[in-house]
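Computed from heavy atoms alone, side chains included, the values below leave out hydrogens, waters and symmetry copies. Given the structure is predicted, the values throughout are model-derived calculations rather than measurements.
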Amino acid sequence: MSEAEAKAAVADLLADYAALLDEDRLEDWLELFAEPCRYCILPRENADLGLPQPLMLCENKAMLSDRVVALRRANIFNIHRDRHLVGGPRIRRLGSDTWSLEASYAVYQTDTEGQSRLFSVGSYRDQVVFQAGRPLFRDKLVLADTAAIPTLLATPL
Amino acid sequence: MQPQVHWQRQDYSRVPFWLYHDRALYDLEQQRVFRGPTWNFLGLEAEIPKPGDFRSVWVGDTPVVFNHDRDGRVHAFVNRCAHRGATICREQRGNRKVHTCVYHRWSYDQQGNLVGVPFRNGVNGKGGLDPSFDFAANGLRKLRVECLSGAVFGTFAEAPEPLADYLGPLAAAKLRRATHKPLRILGYQRQRIAGNWKLYLENVRDTYHASLLHEFMVTFGIDRATQQGGVAMDARHRHNFTYAHAASDSDQDAVAQYGQHQLRANALKLADPALLKFEREFPDDLNLAMLSIFPNCVFQQINNSLAVRQVRTKGVAEFELFWIFYGFEGDNEALTQHRLRQSNLAGPAGFVSMEDGEAIELAQRSTQAEPDACSIIEMGGRGPIVDCDFRVTDIPLRGFWSYYAELMGMEPPGAVR
């Protein structure tokens, strides 16, 4: 795979990530992650202070899957649809099969009465690996500028 | 102003909905509750470990700074310049010997005393302050401060009862339990909920909702009303302690009891059970301990996730929940990582707390149109306000209303206290 092809595949992974969340296909979204993997939403306020406290932390794919199962079967949250707007990614090679991916995001939520609000804005700081020729998230860090979560945070950002 | 409340019952088992929606009442609450004879949680001493360290917080909707002076004492003042009312400390935290307003550079020491006014003698003998201007009388509004077991409390009262008396033996003991070793701050979470602040104070005193709204607890079998536990209050029902003993019920009993109410106890297993591991670290065997201190904080232990939540009012129909997560100095890396992992249970994204944001907004939204209708508070019984050795109760809500009504000067004749 050429450098350009690999970059295009990483960019596609990011597009799939946002589209699957917005389509509420969380089970398919899970399959964008490698094993082992980490998914972390960290308020930028804590990152700036050098403090580790996340808003959401899944240290492996099993924990990530538990989050999805809980959302489907146990948690109750505000009924809403998500809409991700993801900025142009910066993709850099870290190793032979490892890439870094950075992009800004904005997530809008729309409620049952058709009102939309800006829910969260921040950036993705990700590590992507190729396994069997396919890019997957090894580490997904959602660095959330929006520290004050409106209402609650259920679906992943 | 004297609010006129038509209480249908003297034991607060009916509460009219307009109390969550009235702007004049909200303004009076700021005066009589938050700036009244109460002690408000400001923050943790571990957040301001060095001389000069300060933090900007809120008491109700009053901006307040608390800081650490060079002698190790903690002082707090209203974060509003005496001159023109501008915010002095604009940052959330920092380190400063002198606090200077950016507008006209009036400056204040760590106690809030006015120490500097540029051009006080004018320029070339013209302008400036009259020589009679009294610096001592024109400083910042100060709060009285007391610390207990690493927690900093402030009050606007001129002659407050001592903090220990205000807390009473129960809340003081449970606060010492929650912070029984020197703290290590892990970080912050914030949540904005579109509801009246009193709905949240009720929520944390309402043990009945916990295993019904927060289905995760029951579905994954972590906390069930069938466990041994209960609620305890101080003599005046200001504060509340809710607790459960770890592993104190049987799976079969839980499945049967919840099964009657269409709830599937223990229906699911976590793919990674590390989330729910409980490492006993206190002398007792409690795995759930929630200490609500009137009017603005909750110390939380959910298994090994420790945090204090500060309630900041943002108008009649909004409040901020500000969560400070902590561990202890001397925690090894594995325990710190476990606390971070287990913080998935709490906070705005918490498996067993996210629902509160939704439930409070549902109640706020739907009660607006019918202000004179009432909520029903009768679980656990009517009449006297008492501690319970069970959790299917909302008696502590009546305790909350009883003290609130007293503070607000709106108790019904013959009120239950």
Among B/Asp356, B/Leu268, B/Thr219, B/Leu275, which residue has the highest count of heavy-atom pairs closer than 4.5 Å to chain A?
B/Leu268
Which pairs would a plain distance check flag for residues 40-57 of chain A, meaning a side-chain donor or acceptor within less than 3.5 Å of a matching protein atom at least two apart in sequence or in another chain?
from	atom 1	to	atom 2	distance (Å)
A/Arg44	NH1	A/Asp145	OD1	3.1
A/Glu45	OE1	B/Arg190	NE	2.9
A/Glu45	OE2	B/Arg190	NE	3.4
A/Glu45	OE2	B/Arg190	NH2	2.9
A/Asn46	OD1	B/Tyr188	N	3.0
A/Asn46	ND2	A/Gln53	O	2.8
A/Asn46	ND2	B/Tyr188	O	2.8
A/Gln53	NE2	B/Ser343	OG	2.9

Let me know if B/Arg339 has heavy atoms under 4.5 Å from chain A in its side chain, its backbone, both or neither.
neither
Highest number of heavy-atom pairs under 4.5 Å with chain A among B/Thr336, B/Ile193, B/Leu213, B/Leu340 belongs to B/Leu340
Please report the C-alpha distance between B/Glu355 and A/Asn75 in whole Å, then the side-chain angles of each, then the deciding distance to 0.1 Å, and finally whether the side-chain contact (heavy atoms from CB on, under 4.5 Å) criterion is met.
CA-CA 7 Å; B/Glu355 288 86 1; A/Asn75 285 125; 2.8 Å; yes
Closest non-hydrogen atom pair between B/Met354 and A/Ala154, with its separation
SD-CB, 3.8 Å
Scored by heavy-atom pairs under 4.5 Å with chain A, the best of B/Glu320, B/Gln191, B/Gln92 is B/Gln191
Heavy-atom distance under 4.5 Å between the side chains of B/Glu361 and A/Asn78, does that happen here?
no
Flag the one option from B/Ala274, B/Pro348, B/Ala194, B/Gly357 with the top tally of heavy-atom pairs under 4.5 Å to chain A.
B/Pro348
Ranked by heavy-atom pairs below 4.5 Å to chain A, first place among B/Arg192, B/His214, B/Gln337 goes to B/Arg192
For the residue pair A/Ile149 and B/Gln189, establish whether any side-chain heavy-atom pair is separated by less than 4.5 Å.
no
A/Gln115, CD atom: more than 12 neighbouring heavy atoms under 6.0 Å:
no
Please say whether more than 12 non-hydrogen atoms of neighbouring residues, nucleotides or ligands are located less than 6.0 Å from OH in A/Tyr108.
no
Neighbour count above 12 (heavy atom, 6.0 Å) for B/Arg184 CZ
no
I'd like to know if the side chain of A/Asp66 and the backbone of B/Asp272 have a donor-acceptor N/O pair within less than 3.5 Å.
yes
Greatest number of heavy atom pairs closer than 4.5 Å to chain A - which of B/Val352, B/Leu321, B/Asn344, B/Leu362:
B/Asn344
Is it the case that over 12 heavy atoms from other parts of the model lie below 6.0 angstrom from the OH atom of B/Tyr208?
no
Taking every non-hydrogen atom, the tightest pair across B/Ala349 and A/Arg67:
O-NH1, 2.8 Å
Spatial distance of atom CG (A/Leu152) from atom CD (B/Glu358) [nearest 0.5 Å]
6.5 Å
Are more than 12 heavy atoms, taken from residues, nucleotides or ligands other than B/Glu333, located less than 6.0 Å from that residue's CD atom?
no
